[in-house]
**Q** 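Pasting a structure here, questions to come.
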Amino acid sequence: MPIDQRIDALHAPGLVDMHYDLGMDLYEKRHEPGALVRDYRDDMRAGGMGVVAAAIYLEDRYIPEMALRVALGQIARIIEEAEDPEAARDFAVCRSVADLDAAAAAQKIALVLTMEGVEPIGTDLNLLRIFHALGVRMIGLTHVRRNMAGDGGVFKAQGSSREGLTAFGKDVVRACESLGIMVDLAHINPAGFDDILSMATKPVSVSHSNARRYFDIERNMTDDQIRAVGEQGGVIGINAVLVSPDKTETTLDRYVDHVEHVAALAGIDAVGIGFDFFERIFNRLPAAERAVLGHIHFVPDLNNHSHARNVTRRLIERGWADADIAKFLYGNWRRLIRSAGWQG
Ligand SMILES: [Zn+2]
């Protein structure tokens with residue numbers, strides 16, 4: 001079979017990308033209706049996306065007073081944009097496994113609401129219930145900064161807080177599990193990571209984190225952490241942003257090296273996509289926020305969803321079997337979502 005036809009067949013069921021800062025971008029463009037179709041649809045269609053996790057993330061300037069308001073504003077923009085008549089032919093905001101199945105049957109791109117950092121709920125677990133009612137189905141406790149739940153891992157080889165989750169952070173984990181919200185370990189510091197794994201009763205997600213073997217920062221994962229997620233039945237989404245500290249090594253091949261490293265340590269059932277394409281958002285951030293993230297490079301042929309085919313092509317070229325590629329592209333995340341029992 002010609003390779004392009006093989007990629008078409010592999011992409012037909014719809015890829016799952018469990019991290020994209022869509023809420024933040026649509027909120028900043030709230031005075032430009034139609035941004036979802038104009039800026040995203042064609043790339044997502046070209047890449048064969050089936051499910052895209054639309055993250056709610058708050059820039060520093062909104063913390064703390066505006067966090068709740070802006071989080072709600074982001075959700076409002078995602079729903080408003082997706083339900084616009086032109087967008088609704090291509091997108092559906094999904095809150096349950098049944099919604100995802102319906103979106104797939106209608107050949108629509110499913111948008112799933114997620115949260116990156118619990119600043120919007122402050123210390124009020126009641127608000128977690130409200131965000132669940134609005135459709136939030138995966139939550140990472142922190143971004144880089146410290147909040148009421150815990151600390152983020154720094155973008156350096158050492159220096160993260162040694163403290164684990166706060167008592168409130170542990171309450172959030174328990175409440176997420178009982179509501180059917182997946183707990184996301186991307187960004188949490190090493191001590192918080194251990195806390196969550198030791199208390200989780202369901203398989204965890206790591207929506208967008210890479211291997212420290214190739215990019216040694218505490219925001220990424222050690223080999224032991226990667227193995228632990230695999231043993232626990234979780235899934236790790238490989239991101240296209242933290243591929244290498246070295247610009248010349250920030251390549252599609254090095255991205256695939258991360259995929260293969262995680263698959264080798266945690267198992268083929270534990271690796272998925274968490275692209276985190278955010279070059280255009282990064283370029284708009286204030287200099288102080290860019291500085292916290294260190295020297296980030298973007299992979300030239302993997303910086304938007306239309307480039308997903310390049311990854312599949314490279315996996316084929318490296319001799320991956322189709323069944324394993326399918327697990328990476330969508331199968332593992334779909335399994336985890338079903339096990340989380342999303343209902344809405
Ligand atoms: Zn992130």
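All values derive from a computational prediction rather than experimental measurement. Every heavy atom of this structure was used, including side-chain atoms; hydrogens, water molecules and symmetry mates were not. Just so you know, ligand 1 is whichever comes first in the structure, and atom 1 is the first atom listed for that ligand.
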**Q** For D194, which residues count as a side-chain contact (heavy atoms from CB on, under 4.5 Å) partner, sequence neighbours excluded?
**A** none
**Q** Tell me how many protein N, O or S atoms are closer than 2.8 Å to the Zn ion (ligand 1).
**A** 3
**Q** Can you tell me how far apart CE (M138) and OG (S207) are? Round to the nearest 0.5 Å.
**A** 4.0 Å
**Q** For the residue pair Y40 and Y20, is the inter-centroid distance of their aromatic rings smaller than 6.0 Å?
**A** yes
**Q** Tell me, which pairs form a side-chain hydrogen bond (donor to acceptor under 3.5 Å, both in side chains) where one or both residues lie in residues 106-120, sequence neighbours left out?
**A** H19-E116, E116-H187, E116-H208, E119-R145, E119-N147
**Q** I'd like to know whether the aromatic ring centres of F282 and F298 sit less than 6.0 Å apart in this structure.
**A** yes
**Q** Which atom pairs, donor and acceptor, lie under 3.5 Å between side-chain atoms of residues 164-173 and protein residues at least two apart or in another chain?
**A**
from : atom 1 : to   : atom 2 : distance (Å)
T166 : OG1    : M148 : O      : 2.6
T166 : OG1    : A149 : O      : 3.2
T166 : OG1    : F168 : N      : 3.3
T166 : OG1    : G169 : N      : 2.9
D171 : OD1    : R174 : NH2    : 3.2

